[in-house]
Amino acid sequence: ALMAMALLVLSFGRYTPVYRAFYALPLFNNIRNPVKFMQLFQLVLGVLAAFGADHLFHRLKHDESGGRFPLMLRVIAGTALLFFVAALVVGGGAQSWLAEFKAEGWERQAEAMTGNMVRSLLHSGVLVGCVLGLLFWAKGNGFIRKSLPWMLIGLLATDAWMLSRHYYNFDPLEAYESNDVVLNFLESNVGDERVYLLDPSGMHNRWIGVDFRYRGINHFNIFQMPRMAKDYKHWLQTIQNPLRLMELSSVKYASMPKQVWSQIQGQASLRSRFKPIVFYAFSQPRPGVVVAVQVDASRASHVLVEDLAASPRISVKNDWRFAEDADTCDILKSPGFSPRSMAVVSAESQELVPSPVGNGEVSITDVKLDKRRAVASVKLEKPGLVLFSQKHTPDWKVYVDGRESGLVRCNYLSMGVWLDTGSHTVEFVYEPVGGELLFRSAGCLMLLLAVGSLLVPMSRKTPSPELVS
């Protein structure tokens, strides 16, 4: 029961402080969707239900003429009635639910979510009603009473099989290891840069959710968009222009529908910027396996291109301006702003960055990047701003020639550091503050307690010899 409660609380995700401690554990911080804990919760709940079923069968066998068994039937009947009443209440207040979901940013999903709530309550009521019918039938029929466990198992197994078809689709492993012309190229060439899918639907959605992570491909697309942080949402909704988002996010490769490619070819300012890598369409060589194959431009649905003007993840800007957060995104999307040579520094960091002094020779070498560290050797003829295309958080620190320097928030989401002329070694390091270390410790303690509860055998009281005799 305690495990069921713990899993239920974890499934609530960021809406409880417990999940933050759990998320701080190594490996567990890769969990994308905490609601998946509901599956484990259901498994544990099934084990608890088995104890209840065993007690129910015992009462049915030894106490069918009276006692508590009729009370159990009334409780089950009341539970079924409660589900039906809840379905009526939710259905009757559907408009208020729709308004609430839309206010939370779920405009497209609001109707489906409300409908699913009503259908799930009705489904639960019908299922509990079926169980009630079987129990009532078994009360006066010896054959049904003996077959009742298997009949309940069959009922629940059929229900689970019917429901699972709507939620699970098993793909063969070869579906992720097949010879896909686009994924193979990206796996070999993206490196520390990023790829952006302008069309995230269909197979591209699977690429974002599974294939890119499986092959270690860095990408710009944000999976599960409705759950994104508020700063990301404001940044995306304000700028909107995909090409500008690519420029600001150091996107080197992009996949776009062929119609978009045709529009780019019609604009002289963009025609020379993008180099086509491969025209492709999706093919299904075997059942359950869908891959991108190279085709002629006339038969292609999408094209993978390289942005020849893309800025690297670590770059130097010689021109910058200061702005408040409320105005930054509007500046970033304006036609007069050039992301390749300019930056917008947060007003809160103004004391760390002097005014620009003009362009000069820049050299960036020995760049090394991973999830928690970025190092580069930078040589400047004139002072400049080193921009690191990575989300700014207080847990990041920056060191210049081994000494900590002031971390600057740039372009609303990114980070950087001001450098004087000369040769320098710049190192951005992710160093969690004490709060996260506290949550890591709490998470480790939770894990140790969970493992200990499984390893330490439960003590059982044995009757004394006098009672046995």
Side-chain angles (χ1 to χ4, degrees), residues 1-16 18-19 33-57 59-60 68-139 148-149 151-168 224 226-227:
L2 293 176
M3 184 180 293
M5 290 298 299
L7 292 170
L8 181 62
V9 171
L10 288 175
S11 70
F12 296 154
R14 61 186 176 90
Y15 297 100
T16 67
V18 177
Y19 182 73
N33 196 348
V35 76
K36 297 296 184 182
F37 281 108
M38 286 298 294
Q39 297 173 358
L40 297 176
F41 167 74
Q42 291 167 355
L43 179 63
V44 176
L45 201 63
V47 174
L48 293 175
F51 287 101
D54 179 68
H55 181 72
L56 182 64
F57 296 147
R59 287 294 181 184
L60 183 62
R68 297 183 180 178
F69 181 68
L71 177 60
M72 290 184 180
L73 292 180
R74 294 189 183 94
V75 171
I76 295 174
T79 303
L81 181 60
L82 183 63
F83 280 124
F84 287 124
V85 171
L88 291 175
V89 171
V90 174
Q95 294 303 318
S96 62
W97 284 103
L98 287 172
E100 184 174 348
F101 287 140
K102 290 179 180 179
E104 293 292 331
W106 299 84
E107 292 87 354
R108 295 183 179 180
Q109 300 89 351
E111 291 188 6
M113 293 169 66
T114 305
N116 285 339
M117 289 172 61
V118 176
R119 284 189 290 271
S120 63
L121 291 170
L122 289 174
H123 179 91
S124 301
V126 171
L127 187 62
V128 174
C130 291
V131 173
L132 176 64
L134 287 175
L135 292 175
F136 190 80
W137 190 13
K139 188 174 182 295
L148 181 61
M151 296 176 70
L152 288 176
I153 291 174
L155 174 65
L156 297 176
T158 302
D159 178 71
W161 175 75
M162 293 179 64
L163 288 177
S164 64
R165 294 183 302 167
H166 299 284
Y167 301 107
Y168 298 99
Q224 297 293 342
R227 297 187 178 92

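Only a predicted model underlies this, so the values are computations on that prediction, with no experimental measurement involved.
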To the closest 0.5 Å, what do you measure between [atom1] ([X]) and [atom2] ([Y])?
X: M5; Y: F41; atom1: CE; atom2: CZ; result: 8.0 Å
X: S11; Y: Q39; atom1: OG; atom2: CD; result: 11.0 Å
X: L40; Y: L8; atom1: CG; atom2: CG; result: 12.0 Å
X: T79; Y: L132; atom1: OG1; atom2: CG; result: 9.5 Å
X: M38; Y: L43; atom1: CE; atom2: CG; result: 12.5 Å
X: L135; Y: I76; atom1: CG; atom2: CD1; result: 5.0 Å

Practice problem: Tell me, please, which residues at least two apart from L122 pass side-chain contact (heavy atoms from CB on, under 4.5 Å). | Solution: F84, A87, V118

Which atoms form the tightest heavy-atom contact between [X] and [Y], and what is the distance?
X: G154; Y: T158; result: O-OG1, 2.7 Å
X: G125; Y: A80; result: O-CB, 3.9 Å
X: V128; Y: F83; result: CG2-CE1, 3.9 Å
X: K102; Y: E107; result: O-OE2, 3.4 Å
X: C130; Y: L155; result: CB-CD2, 3.9 Å

[X] vs [Y] side-chain heavy atoms within contact, under 4.5 Å:
X: L7; Y: Q42; answer: no
X: L81; Y: V85; answer: yes
X: W106; Y: E100; answer: no
X: L156; Y: L127; answer: yes

Quiz item: Among pairs that include at least one residue of residues 116-136, which meet side chain to side chain donor-acceptor pair (under 3.5 Å), considering only residues two or more places apart or in two chains?
Solution: N116-R119, H123-D159

Quiz prompt | For F101, ring-ring contact (aromatic ring centres under 6.0 Å, His included) partners two or more places apart | solution =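 F101 satisfies ring-ring contact (aromatic ring centres under 6.0 Å, His included) with W97 once adjacent residues are dropped.
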
Quiz item: Does S96 use its side chain to pair, donor to acceptor, with the backbone of G93 at less than 3.5 Å?
Solution: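 Looks like yes, one N/O pair under 3.5 Å.
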
